[in-house]
Student: 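Please find one structure pasted underneath; my questions will follow.
Below, chains carry the letters A, B, ... as their sequence lines are ordered, and counting in each starts from 1. Values in this document were obtained by computation on a predicted structure and should not be read as measured data.
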Amino acid sequence: MSELNVQLKGGEAAQVPASASVAEALKQLDRDAAKQALAARVNGSEVDLAFKLDRLEANGNTVEPVEIVPVLPGTREGLEVLRHSTAHLLAAAVLDLFPGTKLGIGPALLDDPRYGYFYDLIAPRQLTDEDLPAIEKRMREIAKRNMPYRREEIAKSEAMRLFSERDEPLKCKLVDDKGGETVSVYYIDGSPFIDFCLGPHVPNTNRLKAFKLLSLSGAYWMGDATQAQMQRIYGTAFATAEELDAWVKQREEAERRDHRRIGRELDLFSIQDAYGQGLIFWHPKGAMIRKAMEDYLYAELQRRGYLLVYTPHIAKRELWRVSGHDQSYGDSMFAPTTLEDTEFRLKPMNCPFHIGIYKSQQRSYRDLPLRYAEMGTVYRAELSGTLHGLMRVRGFTVDDAHLFCTPDQIRKEIDDCVDFVVDVFKAFGFDKVRFELSVKGSDTGKNWLGSEDQWADAEGALAESLDSRGVAYERIEGEAAFYGPKIDFKVEDAIGRLWQLGTVQWDFNLPERFELEFVGEDNKPHRPVMVHRALFGSVERFFGVLIEHYAGAFPLWLAPVQVAVLPITDRINGYAESVGEALRAAGLRVEVNTRGEKIGAKIRDAQMQKVPFMLVCGDREAESNMVAVRERTKGDIGVMSVEDFTGMARGLVESRALVNVTESGA
RNA sequence: GCCCGCGUAGCUCAGGGGUAGAGCGCCUCCUUGGUAAGGAGGAGGUCAUGAGUUCAAAUCUCAUCGCGGGCUCCA
């Protein structure tokens with residue numbers, strides 16, 4: 001066969017010599033795509049542009065016309081190739097600068113917005129942050145030299161010989177574990193670099209133009225803490241300098257919004273060495289915001305038929321054995337403490353306590369559903385290195401609830417939970433909520449509890465609930481908890497980041513362990529269905545997300561100081577205080593600034609503290625019982641009476657408006 | 001927990017084997033000023049903690065504590 005029919009997917013067709021490469025074939029089909037392509041998909045398989053079409057035969061994939069899809073920059077697939085190739089470039093540069101470096105793995109990352117790729121390696125000496133600029137510089141030099149990425153397919157034994165000759169023990173291990181009869185290796189010609197790799201890669205190094213090294217960290221070989229610790233170099237890469245630039249800007253924006261920085265600047269919370277890592281101090285202004293959050297939530301809970309409960313922070317160890325936490329979650333719990341020969345442990349979860357209330361008396365089907373809700377504070381023994389501001393802590397409060405109901409009632413309960421979540425997140429300014437349905441799937445790896453029927457019913461109810469609401473969701477096989485399927489919620493914040501928050505979890509486990517029962521219509525005992533449910537998840541973490549979402553500039557109903565009264569001279573202080581009193585009497589949170597500063601400085605102070613409304617008062621206002629209103633983002637919005645302002649502000653608070661002025665422009 | 005980096009005034013940071021620095025903030029005084037910083041003066045530090053090297057350590061070494069970045073990712 002000397003000629004092959006080739007065709008762009010759904011496009012041009014042509015005939016090329018069977019010995020042609022993908023690049024040559026593409027040139028016949030679409031000159032523009034040929035120029036841009038990074039790699040290609042040929043009869044469905046990803047290959048390099050240098051791939052010779054006559055090799056299809058060797059791969060038993062000779063369907064004609066041969067379908068060619070160019071892998072273009074600007075697509076997910078293209079970005080993956082680009083980043084993967086950049087990871088190789090990184091490794092080549094490190095080998096150049098630090099001969100003797102042992103290579104681990106170097107994949108592209110597409111789903112983590114922080115990074116684009118990494119390479120794990122063991123250098124002859126510990127690398128430090130100061131080495132990164134030199135490595136990046138060498139990467140640019142190699143990129144400019146326009147070196148080809150060259151693929152070779154060799155026998156596994158040949159590859160083993162190659163890598164052991166080069167003293168690459170980790171690569172040998174990988175070839176041994178993962179390699180088939182023949183394996184592919186990639187060279188960057190002109191560099192000592194060889195990698196065991198499936199590819200595909202860009203044709204040569206000058207296709208890599210927009211990349212950057214980011215940070216250095218530790219990583220375990222195969223992610224296993226008992227294995228050797230390697231060094232991981234993180235970087236990112238994009239198709240164009242503009243995209244890289246935009247990404248850098250987004251990163252700076254995230255930095256600007258960092259809740260730890262804003263938390264300090266606005267005096268919202270602190271974490272203090274002297275008291276312990278991962279323990280949060282809510283300062284008055286942070287506490288005020290939390291109070292507003294909780295007040296809203298309590299009102300919603302009451303409206304939706306939840307019953308408020310309070311439970312202890314500690315319980316006998318035996319209780320945790322019954323629940324199973326001691327055995328399967330014990331590593332994440334604070335160690336037991338003993339009093340009069342009885343061991344106690346701090347609670348890492350609230351469920352057993354709510355179960356305690358359920359079990360405190362006999363329950364009839366007429367009592368169900370029971371919905372116990374609590375701002376339950378829990379303690380978890382998180383490793384010190386994982387702690388992070390409000391996002392990962394050792395003591396936190398869950399807006400927890402446990403639903404106990406009959407199997408017939410469950411579907412409605414789930415529906416209500418989903419509605420509740422969407423409403424609450426909307427109130428806090430998160431319009432985009434994403435759902436993930438985690439199911440057992442065919443995964444047999446875990447010690448799944450419950451019967452096949454139970455799983456099918458539970459997964460069906462969760463899926464139906466999401467379907468009937470018409471919300472988009474992702475179904476994740478094998479990600480369910482061992483005791484039941486769940487729905488997780490994620491919200492998208494003001495700069496497009498996703499945050500995993502609350503969850504609705506079905507539980508086959510605890511009702512069994514605690515032998516929960518209700519008396520049915522048939523006068524016989526039945527096992528209730530139990531659902532764990534949290535919206536915020538951790539109140540601390542949700543607060544952190546809110547701070548970053550609003551960059552500290554909270555909507556009026558959440559703002560710790562809603563109004564700053566700013567007298568122009570100290571002659572007006574008395575009037576300003578009386579305005580402050582009037583607003584406080586109307587339930588608004590007010591500060592009166594009587595410092596000996598000019599009005600400009602007082603306004604600046606209030607702006608920096610992101611106070612929604614400033615009321616400027618001078619002689620004119622004092623004479624007529626008026627205030628000159630300045631809104632944080634809009635500036636001066638005119639003079640109005642104290643009563644009119646109070647009415648407007650109260651209206652905005654009561655409607656939990658997300659912008660600080662009414663439509664009429666106030 | 002482990003790897004790398006960091007720890008100097010309330011905050012942000014400079015300095016660096018020989019008397020501890022800046023800006024902001026704080027306090028006092030002057031100024032009474034109409035929409036994002038008025039002026040002057042002052043207080044404030046065991047340079048994270050402990051040990052070592054040295055005539056001398058905030059500075060060099062080690063340990064401890066704390067903080068930051070990480071620790072599933074297709075060869």
Student: Given the P atoms of A58(B) and G18(B), what is the spacing between them in whole Å?
Tutor: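 Each nucleotide's P atom is 10 Å from the other's.
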
Student: Take R630(A) and D605(A), find for each the nucleotide of RNA chain B with the closest heavy atom, and name the residue whose nucleotide sits nearer the 5' end.
Tutor: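 That would be D605(A).
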
Student: What is the distance, to the nearest angstrom, from the CD atom on E255(A) to the P atom on G68(B)?
Tutor: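 One finds 13 Å between P of G68(B) and CD of E255(A), rounded.
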
Student: Could you check whether E158(A) pairs with R161(A) (Lys NZ or Arg NE/NH1/NH2 to Asp/Glu carboxylate O, under 4.0 Å)?
Tutor: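 Yes, E158(A) and R161(A) are salt-bridged.
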
Student: What does nucleotides 69-75 of chain B look like as a protein-contact string, B for base, S for sugar-phosphate only, - for none, at under 4.0 angstrom between heavy atoms?
Tutor: BBBSBBB

Student: Between A36(B) and G44(B), how far apart are the two P atoms, rounded to whole Å?
Tutor: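 Looking at atom P only, A36(B) and G44(B) are 36 Å apart.
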
Student: G7(B) and C62(B): how far apart are their P atoms, nearest whole angstrom?
Tutor: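 Between the two P atoms, the distance is 15 Å.
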
Student: Measure the shortest side-chain to side-chain distance between R257(A) and I495(A) over non-hydrogen atoms and say whether it is less than 4.5 angstrom.
Tutor: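 Touching, per the 4.5 Å side-chain cut-off.
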
Student: Considering only the C1' atoms, how many Å lie between U54(B) and G17(B), rounded to the nearest integer?
Tutor: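 Per the computed distance, 9 Å lies between those C1' atoms.
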
Student: Using whole Å, what does the distance between atom P of nucleotide C4(B) and atom CD1 of I122(A) come to?
Tutor: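 After rounding, the reported distance stands at 13 Å.
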
Student: So does E474(A) pair up with R434(A), basic N to acidic O under 4.0 Å?
Tutor: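 So E474(A) does not pair with R434(A) through a salt bridge.
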
Student: Rounded to whole Å, please give me the gap between CE in M608(A) and P in U12(B).
Tutor: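 After rounding, the reported distance stands at 14 Å.
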
Student: Under the side chain to side chain contact (heavy atoms under 4.5 Å, CB included) test, which residues partner A622(A), sequence neighbours left out?
Tutor: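 If we apply the side chain to side chain contact (heavy atoms under 4.5 Å, CB included) test to A622(A), skipping adjacent residues, the hits are I572(A), Y575(A).
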
Student: Looking at RNA chain B, which of residues 150-166 of chain A put a heavy atom within less than 4.0 Å of it?
Tutor: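 Within this stretch, nothing sits under 4.0 Å of the strand.
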
Student: Using a 4.5 Å cut-off on heavy atoms from C-beta on, say whether the side chain of Q500(A) contacts that of R541(A).
Tutor: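 Answer yes - side chains close enough.
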
Student: Test side chain to side chain contact (heavy atoms under 4.5 Å, CB included) on E382(A) and R394(A) and set out the steps.
Tutor: CA-CA 6 Å; E382(A) 302 287 355; R394(A) 285 180 174 159; 4.2 Å; yes

Student: Near D331(A) CG, under 6.0 Å, is it more than 12 heavy atoms from other residues, nucleotides or ligands?
Tutor: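 For D331(A), atom CG is not crowded (no more than 12 foreign heavy atoms under 6.0 Å).
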
Student: Determine, for E591(A) against K285(A), whether the closest basic-nitrogen to carboxylate-oxygen distance falls under 4.0 angstrom.
Tutor: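 Yes, E591(A) and K285(A) are salt-bridged.
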
Student: Are K486(A) and D488(A) ion-paired here, with the side-chain N under 4.0 Å from a carboxylate O?
Tutor: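 Looking at K486(A) and D488(A), the cut-off is met.
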
Student: Just the rounded figure in Å: distance from C1' of C2(B) to CD of Q231(A).
Tutor: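 In whole Å, C2(B) C1' and Q231(A) CD are 13 Å from each other.
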
Student: Where along nucleotides 29-34 of chain B does protein come under 4.0 Å, by heavy atom, of base (B) or sugar-phosphate alone (S), with - for untouched nucleotides?
Tutor: ---BBB

Student: Distance between the C1' atoms of C71(B) and A14(B), in whole angstroms?
Tutor: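 It works out to 34 Å between them.
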
Student: Only Watson-Crick and G-U wobble pairs with both distances less than 3.5 Å should count. Give RNA chain B in dot-bracket notation, marking inter-strand partners with |.
Tutor: (((((((..((((....[..)))).(((((.......))))).....(((((..]....))))))))))))....

Student: Considering only nitrogen or oxygen atoms on both sides, find all protein atoms under 3.5 Å from nucleotides 62-64 of chain B and state each distance.
Tutor:
none

Student: Could you give the distance separating G68(B) and C55(B) at their P atoms, to the nearest angstrom?
Tutor: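 So the two P atoms sit 40 Å from each other.
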
Student: Can you tell me which nucleotide in C3(B), A36(B), A37(B) comes closest to the side chain of Q607(A)?
Tutor: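 The nucleotide sitting nearest to the side chain is A36(B).
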
Student: Could you tell me whether the phosphate oxygens of G66(B), OP1 or OP2, come under 4.0 Å of any side-chain nitrogen or oxygen in Q277(A)?
Tutor: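 Q277(A) to G66(B) OP1/OP2: side-chain N or O found under 4.0 Å.
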
Student: Would you say E255(A) has more than 12 foreign heavy atoms packed within less than 6.0 Å of its CD?
Tutor: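 No - once you tally the heavy atoms of other residues, nucleotides and ligands closer than 6.0 Å, there are 12 at most.
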
Student: Answer yes or no: is there a side-chain heavy-atom contact under 4.5 Å between R497(A) and W499(A)?
Tutor: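 The answer is yes; the side chains approach within 4.5 Å.
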
Student: Once you round it to whole Å, what is the distance between P of G10(B) and CD of E265(A)?
Tutor: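 E265(A) atom CD is separated from G10(B) atom P by 18 Å.
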
Student: Between D48(A) and P203(A), is any pair of side-chain heavy atoms under 4.5 Å apart?
Tutor: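 No - every pair of side-chain heavy atoms lies 4.5 Å or more apart.
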
Student: What integer distance in Å separates D636(A):CG from U35(B):C1'?
Tutor: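 That distance rounds to 6 Å.
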
Student: Nearest whole angstrom, please: distance from the P of U35(B) to the CG of N593(A).
Tutor: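 Atom-to-atom, N593(A) to U35(B), this comes out as 16 Å.
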
Student: Mind calculating the distance between CG (L383(A)) and C1' (G1(B)) to the nearest angstrom?
Tutor: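 Rounded to the whole Å, the gap is 5 Å.
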
Student: Are any non-hydrogen side-chain atoms of M614(A) and K602(A) less than 4.5 angstrom apart?
Tutor: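 No, their side chains stay 4.5 Å or more apart.
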
Student: Please, which pairs that meet side-chain hydrogen bond (donor to acceptor under 3.5 Å, both in side chains) have at least one residue in residues 611-626 of chain A, sequence neighbours excluded?
Tutor: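 side-chain hydrogen bond (donor to acceptor under 3.5 Å, both in side chains) check on residues 611-626 of chain A returns R571(A)-D619(A).
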
Student: Ion pair present between E168(A) and R166(A), side-chain N to carboxylate O less than 4.0 angstrom?
Tutor: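 Salt bridge flag = no for R166(A) with E168(A).
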
Student: For C13(B) versus U8(B), give the span between their C1' atoms, rounded off to a whole number of Å.
Tutor: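 Pairwise C1' distance, C13(B) against U8(B), rounds to 9 Å.
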
Student: Using a cutoff of under 3.5 Å, can you pull out all pairs of nitrogen or oxygen atoms linking the protein to nucleotides 39-43 of chain B, with atom names and distances?
Tutor:
none

Student: Which residues pass the side chain to side chain contact (heavy atoms under 4.5 Å, CB included) test with P148(A), not counting sequence neighbours?
Tutor: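 Here the qualifying residues are D189(A).
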
Student: Can you name the atoms? Protein N/O to nucleotides 44-48 of chain B N/O, anything below 3.5 Å, with the distance.
Tutor:
none

Student: With a 6.0 Å cut-off on ring centres, are F211(A) and Y117(A) close enough?
Tutor: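 Centroid separation for F211(A) and Y117(A): 6.0 Å or greater.
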
Student: Find out whether L652(A) and M648(A) are in side-chain contact, i.e. whether some heavy atom of one side chain is under 4.5 Å from a heavy atom of the other.
Tutor: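 Yes, side chains in contact.
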
Student: Decide whether a cation-pi geometry holds between R83(A) and F238(A); the criteria are a distance under 6.0 Å from NZ or CZ to the six-membered ring centre and an angle within 45° of the ring axis.
Tutor: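 Because its charged atom sits under 6.0 Å from the ring centre and within 45° of the axis, R83(A) does stack over F238(A).
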
Student: Just to verify, what does F613(A) make a ring-ring contact (aromatic ring centres under 6.0 Å, His included) with, not counting sequence neighbours?
Tutor: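 ring-ring contact (aromatic ring centres under 6.0 Å, His included) check on F613(A) returns F645(A).
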
Student: Are the charged groups of D195(A) and K171(A) less than 4.0 angstrom apart, N to O?
Tutor: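 A salt bridge is present here (some side-chain N lies under 4.0 Å from a carboxylate O).
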
Student: So, using side chain to side chain contact (heavy atoms under 4.5 Å, CB included) as the criterion, who are the partners of V439(A) when residues are at least two apart?
Tutor: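 Result, side chain to side chain contact (heavy atoms under 4.5 Å, CB included) vs V439(A): L437(A), E459(A), R475(A), E477(A).
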
Student: When you compare C4(B) with A20(B), how far apart are their P atoms, in angstrom units rounded to a whole number?
Tutor: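 Those two atoms are separated by 34 Å.
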
